[in-house]
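Scope of the values below: all heavy atoms of this structure, side chains included, with no hydrogens, waters or symmetry mates. Residue numbers start from 1 in every chain, and the chains themselves are labelled A, B, ... in the order their sequence lines are given, proteins ahead of strands.
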Amino acid sequence: MSMKSLFVDRVRKVVRSIPRGKTMTYGQVARVAGSSGAARAVGMVMKNNYDPTVPCHRVIRADGKIGDYNRGGRERKEQLLTEEGAL
DNA sequence: ATAATGACGTGAT
DNA sequence: AATCACGCCATTA
């Protein structure tokens with residue numbers, strides 16, 4: 001049985017709203033989702049997300065680094081962002 | 001109820 | 001620019 005917390009649902013909703021060519025930091029996503037300061041927890045959600053309708057590659061770190069990606073690693077993530085013109 | 005975990009953030013070195 | 005130590009939050013892989 002899948003137990004989807006309110007937090008997870010909100011995070012997914014926010015990430016789904018990020019337009020092509022744009023990005024948000026983990027911290028921003030957390031704040032908009034209503035859990036300011038939960039940047040790390042957002043990372044957990046992204047890590048376990050395999051829903052293709054959630055563009056998790058558009059979520060990057062606040063220090064400018066690319067961050068990780070569970071489907072092809074940072075390489076793939078950077079490639080996708082470049083293709084979308086987000087970099 | 002507690003401890004461990006981690007696709008983070010920030011300030012200090 | 002690159003580490004590091006800590007704090008932070010929700011979840012429990």
Side-chain angles (χ1 to χ4, degrees):
Chain A
M1 302 230 328
S2 63
M3 186 15 223
K4 291 194 292 196
S5 70
L6 180 60
F7 173 70
V8 173
D9 288 334
R10 285 180 166 168
V11 166
R12 288 189 146 140
K13 184 170 184 177
V14 173
V15 175
R16 237 175 306 155
S17 80
I18 305 175
R20 193 187 160 80
K22 293 284 188 172
T23 62
M24 278 182 85
T25 69
Y26 293 90
Q28 292 175 324
V29 171
R31 179 165 48 71
V32 176
S35 296
S36 184
R40 274 186 110 155
V42 167
M44 286 275 80
V45 177
M46 299 296 99
K47 177 182 184 179
N48 295 86
N49 172 65
Y50 284 84
D51 183 344
T53 71
V54 178
C56 52
H57 63 279
R58 296 183 186 148
V59 185
I60 63 179
R61 301 178 42 138
D63 60 9
K65 291 183 180 175
I66 197 67
D68 223 315
Y69 192 53
N70 67 6
R71 301 167 100 164
R74 302 181 169 160
E75 296 275 292
R76 181 60 182 152
K77 187 170 181 179
E78 185 170 3
Q79 177 189 32
L80 287 170
L81 289 174
T82 300
E83 289 175 358
E84 298 185 350
L87 303 178

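With sequence neighbours excluded, the residues satisfying side-chain hydrogen bond (donor to acceptor under 3.5 Å, both in side chains) with A:D51 are A:T53. Taking the side-chain contact (heavy atoms from CB on, under 4.5 Å) definition, one finds that A:A86 meets it with A:T23, A:L81, sequence neighbours left out. Scanning for side-chain hydrogen bond (donor to acceptor under 3.5 Å, both in side chains) contacts around A:T82 gives an empty result, with sequence neighbours left out.
Hydrophobic clustering of Ile, Leu, Val, Met, Phe, Trp and Tyr side chains at less than 4.5 Å, counting indirect connections, keeps A:I18 apart from A:I60. Hydrophobic clustering (side-chain heavy atoms under 4.5 Å, transitive across Ile, Leu, Val, Met, Phe, Trp, Tyr) keeps A:V29 apart from A:M44. Hydrophobic clustering (ILVMFWY, side-chain heavy atoms < 4.5 Å, transitive): A:Y26 and A:L80 are in distinct clusters.
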Canonical and wobble pairing (Watson-Crick, G-U, under 3.5 Å) of DNA chain B, dot-bracket with |
..||||.||||||
Return a single string for nucleotides 5-10 of chain C, one symbol per nucleotide in 5' to 3' order, where B is base contact, S is sugar-phosphate-only contact and - is none, cutoff 4.0 angstrom on heavy atoms.
--BBBS
Without placing hydrogens or testing angles, list every side-chain donor-acceptor pair under 3.5 Å for residues 9-16 of chain A, not counting sequence neighbours.
unit_1 : atom_1 : unit_2 : atom_2 : d
A:R12  : NH2    : A:N49  : OD1    : 3.4

Contacts under 3.5 angstrom, residues 30-37 of chain A side chains, donor-acceptor by atom type, not counting sequence neighbours:
none

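A residue-by-residue look at A:K65 and A:K47 shows that A:K65 has its nearest nucleotide of DNA chain C further toward the 5' end.
Near DNA chain B, meaning a heavy atom under 4.0 Å away, there are no residues from residues 13-21 of chain A. For DNA chain B, the neighbouring residues in residues 69-87 of chain A, judged by any heavy atom under 4.0 Å, are A:Y69, A:N70, A:K77. Contacts of residues 25-34 of chain A with DNA chain B (heavy atom under 4.0 Å): A:T25, A:Y26, A:G27.
Enclosure of atom CD in A:Q28 by more than 12 non-hydrogen atoms of other residues, nucleotides or ligands within 6.0 angstrom is indicated.
Across every non-hydrogen atom of A:K77 and A:V59, the tightest pair is NZ-O, 2.8 Å.
For residues 55-74 of chain A, the pairs satisfying side-chain hydrogen bond (donor to acceptor under 3.5 Å, both in side chains) are A:H57-A:E84, A:R58-A:E84, A:R61-A:D63, with sequence neighbours left out.
Using a 4.0 Å cutoff to heavy atoms of chain A, the contacted part of DNA chain B runs 5' to 3' from B:dG6 to B:dT10.
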